[in-house]
Amino acid sequence: MLVPQLINGLTQGSLYALIAIGFVIIFGTMNLVTFAHGEVYMAGAFVGAFAMSLWHLPWFVALVMGMAAAWVLGFLIEKVAFRPLRTAGHMPPLLITIGLSIILKDLAVVLFGAENRPVPSIYEQTVRLAGVQVSVLQLVILGLAGTLFLVLRLVIQGTKIGRAMRATAQDHEAASAMGVNVNRVFSIAFALASCLGGAAGVMIGIYYNAVYPTMGGTAGLKGFAACIFGGLTSIPGAILGGIIIGVVENLTVQFLASGYRDVVAFLVMVIVLVLRPQGLLGRKLKTV
Amino acid sequence: MKTKMVPMLLTLFTLLLVAAPVAWSAESIHIAVSAPLTGNFAEYGQNWQKAISMAVEWINAAGGIKGRPLEIVYGDSKSDPKDSAALAQKFTSDNRIVAEIGDFSSTASMAAQPIYDRAGMVQLSPTTSHPKWAPGSPWSFGIVGTQAGEGPFMARYAIERLGKKRIAVLHINNDWGIASKEYFVNAATEMGAQVLGVESYFETEKDFTGVLTKLRGLKPELIYVPSFYNEMALISKQREKLGWTDVVVMGPGSLYSPKLLELGGNSVNGLYTSAVFFPNDPRPEVQKFVKGFEAKYKATPNMFAGVAYDAINLMAETIRKVGTDRKAIRDELVKTKNFPGVTGKIAFTERRDVVKDYRHLVVKDGQFTLFDK
């Protein structure tokens with residue numbers, strides 16, 4: 001049962017990783033943390049769930065819709081919470097995102113009800129790979145997450161906006177002086193991060209067959225944890241962090257009990273951070 | 001100003017007339033209901049509300065209780081122990097309220113229990129089945145039967161009727177789930193079955209792939225899952241997705257809800273469960289209830305509507321006999337020996353709970369059907 005459990009962990013972890021990357025992009029370019037990311041993920045999940053269960057659209061259309069909705073939401077959050085307060089320091093935008101997170105969550109409760117909303121199943125069949133029975137859906141999710149990681153890498157490394165993002169990440173002012181429209185970069189970075197969160201939301205909805213207004217809470221926390229675990233500004237680190245958390249959780253279920261999954265996952269994280277404060281793949285922080 | 005007053009008063013008067021078709025001369029009798037009207041258990045709470053509203057409508061249409069109309073004060077507990085306890089404070093300090101019906105889950109009922117106990121008000125729960133609940137206070141009553149009865153019944157169903165000897169258990173980690181698991185496991189072990197593993201999950205859990213993979217490794221023939229429709233639907237779908245099909249799934253009567261079929265779809269086909277209420281029961285009281293409910297709500301009542309209907313009728317009957325004194329109601333309720341409920345005869349044991357007759361059910365082609373093999 002070890003291999004199936006590892007696959008469960010890998011699937012779950014790759015979804016944590018998608019959320020974690022969002023934090024990395026936002027922190028990397030803007031040097032800020034958002035606490036509304038979990039709710040953006042929830043919003044994406046709801047749009048995906050509605051697309052599939054109410055409008056009977058195919059899952060990939062639902063995925064694109066969820067990502068688009070999260071993109072728009074992220075764009076708006078940046079405009080409302082970050083843009084007007086660019087020079088106000090770290091605290092005000094942070095507090096605004098906490099407020100936004102509560103507003104979005106409660107709005108979802110009021111609009112859709114607090115209960116689970118079912119999401120139709122897709123790819124219910126399984127395949128045998130090297131003697132191990134694997135769910136096709138898990139393979140699809142892993143494939144999609146992998147594709148998104150690759151596309152993201154291409155965008156960041158190979159496009160003009162990616163270059164602008166990297167430049168901004170290194171030094172806002174220098175980038176601005178070189179003619180980079182920093183405001184536009186922030187907008188796009190935030191929307192891109194949100195979009196990945198939305199993708200994770202739609203996929204988790206399909207994977208567990210349920211979406212619900214409070215789903216962003218733990219997911220956001222785990223994504224944030226994976227981001228710190230991986231080194232705060234490292235995308236490969238966030239992927240690694242997410243996957244380790246997912247795998248540790250499922251191994252805990254296997255060898256201990258399901259109630260301990262978060263306990264052990266976060267314990268492992270605390271231990272790693274004590275031994276290696278800069279995170280798995282993070283750079284050592286310069287002491288001021 | 002004066003010319004406007006007349007039509008206004010007229011409108012007000014007409015409104016009052018429309019709102020109160022029966023002109024009651026006497027004061028209402030108030031009964032409180034603490035139920036999950038929203039949240040994860042909302043389906044159950046709304047079923048209660050529908051059944052209770054209908055019963056009250058019928059009682060009042062027939063002249064109320066000795067000429068006094070019956071009125072329900074609803075409180076939404078979300079079946080959360082915090083809220084059910086707060087509601088208990090509110091209800092017991094309201095002098096108009098003579099007795100309370102609720103709450104839904106054992107945890108919520110038991111959290112409120114000391115408050116009703118101190119205040120001396122009957123707490124009659126339609127669904128609480130924890131064996132320690134009713135004995136916990138002389139003011140507590142349960143009419144749905146307890147896990148002490150249902151656990152062994154389900155164990156016999158699994159072992160004697162279905163012939164499954166290798167059993168694993170996956171239960172919800174709350175008061176009810178733990179009691180449910182214990183009575184089942186004890187009975188199953190006594191009957192010679194092998195309980196290979198017991199796992200639990202928290203109410204907020206949505207990812208069952210890990211725990212299902214673990215249980216699958218034990219190779220059980222049957223998994224017994226004390227849970228509710230929400231998680232059971234997720235467990236079934238995720239089990240199917242993992243390709244774990246060579247196992248029989250069984251759970252207690254808490255799963256007997258149309259919502260399970262709606263949420264679980266094909267994945268709950270072949271699921272075994274039990275019920276104390278069956279809409280096709282030919283007994284006249286059952287048919288009167290089912291027909292009335294169908295006419296009013298365009299839906300067939302489930303077991304949860306049934307027990308709530310029984311609870312309110314039993315309460316009304318008791319108040320009709322002894323009046324509205326909180327203590328007198330309790331003392332009369334204890335004596336109930338032969339109340340013809342739609343979920344079977346209600347006769348309180350000395351622990352103030354009841355022993356139910358269960359039916360064997362199985363989900364077949366997306367419908368609950370009697371298992372008659």
Side-chain angles (χ1 to χ4, degrees), chain A residues 1-9 11-12 15 53 109-110 113-128 132-138 141 204-215 217-219 246-247 249-262, chain B residues 36-46 76 78-80 170-173 197-219 228-246 259-267:
Chain A
M1 282 300 128
L2 197 60
V3 178
Q5 214 61 282
L6 285 175
I7 297 171
N8 292 342
T11 315
Q12 204 183 4
L15 295 174
S53 60
V109 173
V110 173
E115 58 270 16
N116 291 350
R117 185 167 284 275
V119 180
S121 293
I122 53 162
Y123 297 115
E124 283 169 322
Q125 55 278 55
T126 55
V127 286
R128 287 214 155 267
V132 180
Q133 195 177 20
V134 185
S135 149
V136 175
L137 180 64
Q138 288 182 328
I141 288 176
I204 219 109
I206 294 172
Y207 187 38
Y208 299 150
N209 299 105
V211 297
Y212 50 103
T214 52
M215 66 191 286
T218 19
V247 169
E249 269 187 41
N250 280 275
L251 291 182
T252 308
V253 173
Q254 177 70 29
F255 295 110
L256 267 169
S258 130
Y260 286 104
R261 61 193 299 165
D262 292 353
Chain B
L37 302 176
T38 61
N40 244 342
F41 299 108
E43 225 264 318
Y44 299 116
Q46 284 158 8
D76 179 11
K78 304 182 191 71
S79 209
D80 182 325
L170 173 60
H171 68 91
I172 183 167
N173 202 343
V198 174
E199 291 291 324
S200 68
Y201 66 88
F202 290 106
E203 208 176 296
T204 48
E205 188 61 272
K206 299 292 182 282
D207 172 23
F208 297 96
T209 48
V211 76
L212 285 171
T213 306
K214 181 177 183 181
L215 288 176
R216 187 181 188 182
L218 305 170
K219 299 196 169 46
F228 296 92
Y229 62 79
N230 257 320
E231 301 95 50
M232 191 66 218
L234 297 185
I235 290 169
S236 298
K237 284 190 159 181
Q238 292 178 23
R239 176 186 56 80
E240 199 171 57
K241 220 173 287 172
L242 290 170
W244 188 16
T245 46
D246 55 342
K259 265 290 209 227
L260 176 75
L261 306 174
E262 186 192 321
L263 296 177
N266 283 332
S267 67

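This structure is a prediction, so every number in the text was calculated from the model and none was measured. Naming: A, B, ... by sequence-line order, numbering from 1 per chain.
Atom CG of A:D262 is surrounded by more than 12 heavy atoms from other residues, nucleotides or ligands within 6.0 Å. For A:Q133, the CD atom sits in a packed shell: over 12 heavy atoms of surrounding residues, nucleotides or ligands are nearer than 6.0 Å.
With a 4.5 Å cut-off on non-hydrogen atoms, B:E205 touches chain A through its side chain but not through its backbone. The contact between A:N250 and chain B is made entirely by side chain atoms (from C-beta outward), counting heavy-atom distances below 4.5 Å. Contact of B:T213 with chain A is made through backbone and side chain together, with heavy-atom distances under 4.5 Å. At a 4.5 Å heavy-atom cutoff, the contact between B:E240 and chain A is made by backbone and side-chain atoms alike. Residue contact with chain B, scored on non-hydrogen atoms closer than 4.5 Å, is absent for A:R117. Heavy atoms of A:Y212 lying under 4.5 Å from chain B belong exclusively to its side chain. Residue A:S135 touches chain B through both its backbone and its side chain, counting heavy-atom pairs closer than 4.5 Å. For A:E249, no part lies under 4.5 angstrom from a heavy atom of chain B. Residue contact with chain B, scored on non-hydrogen atoms closer than 4.5 Å, involves the backbone and the side chain of A:Q254 alike. For chain B, no part of A:V109 is nearby; none of its heavy atoms comes within less than 4.5 Å.
The two residues B:S200 and A:S258 make their nearest non-hydrogen contact at O-OG, 3.2 Å.
Annotation: cation-pi pair B:K241/A:Y123 absent, no NZ/CZ under 6.0 Å from the ring centroid and within 45° of its normal.
For the atom pair B:K237 NZ and A:L137 CG, the distance stands at 11.5 Å (nearest 0.5 Å). Residue A:N8 holds its CG atom at 13.5 Å from CZ of B:F208, rounded to the nearest 0.5 Å.
A donor and an acceptor atom, one from each side chain of B:D207 and A:Q12, are located under 3.5 Å apart.
B:K214 contributes a side-chain N or O that, together with a main-chain N or O of A:L256, makes up a donor-acceptor pair within less than 3.5 Å. A donor-acceptor pair is defined here as one N or O able to donate and one able to accept, closer than 3.5 Å; such a pair exists between the side chain of A:Q5 and the backbone of B:G210.
Residues B:L242 and A:T126 fail the side-chain proximity criterion, which asks for heavy atoms closer than 4.5 Å. Between A:N209 and B:K206 the shortest side-chain heavy-atom distance does not fall below 4.5 Å.
With chain A as the partner, the residue from B:V211, B:L263, B:L234 showing the most heavy-atom pairs under 4.5 Å is B:L234.
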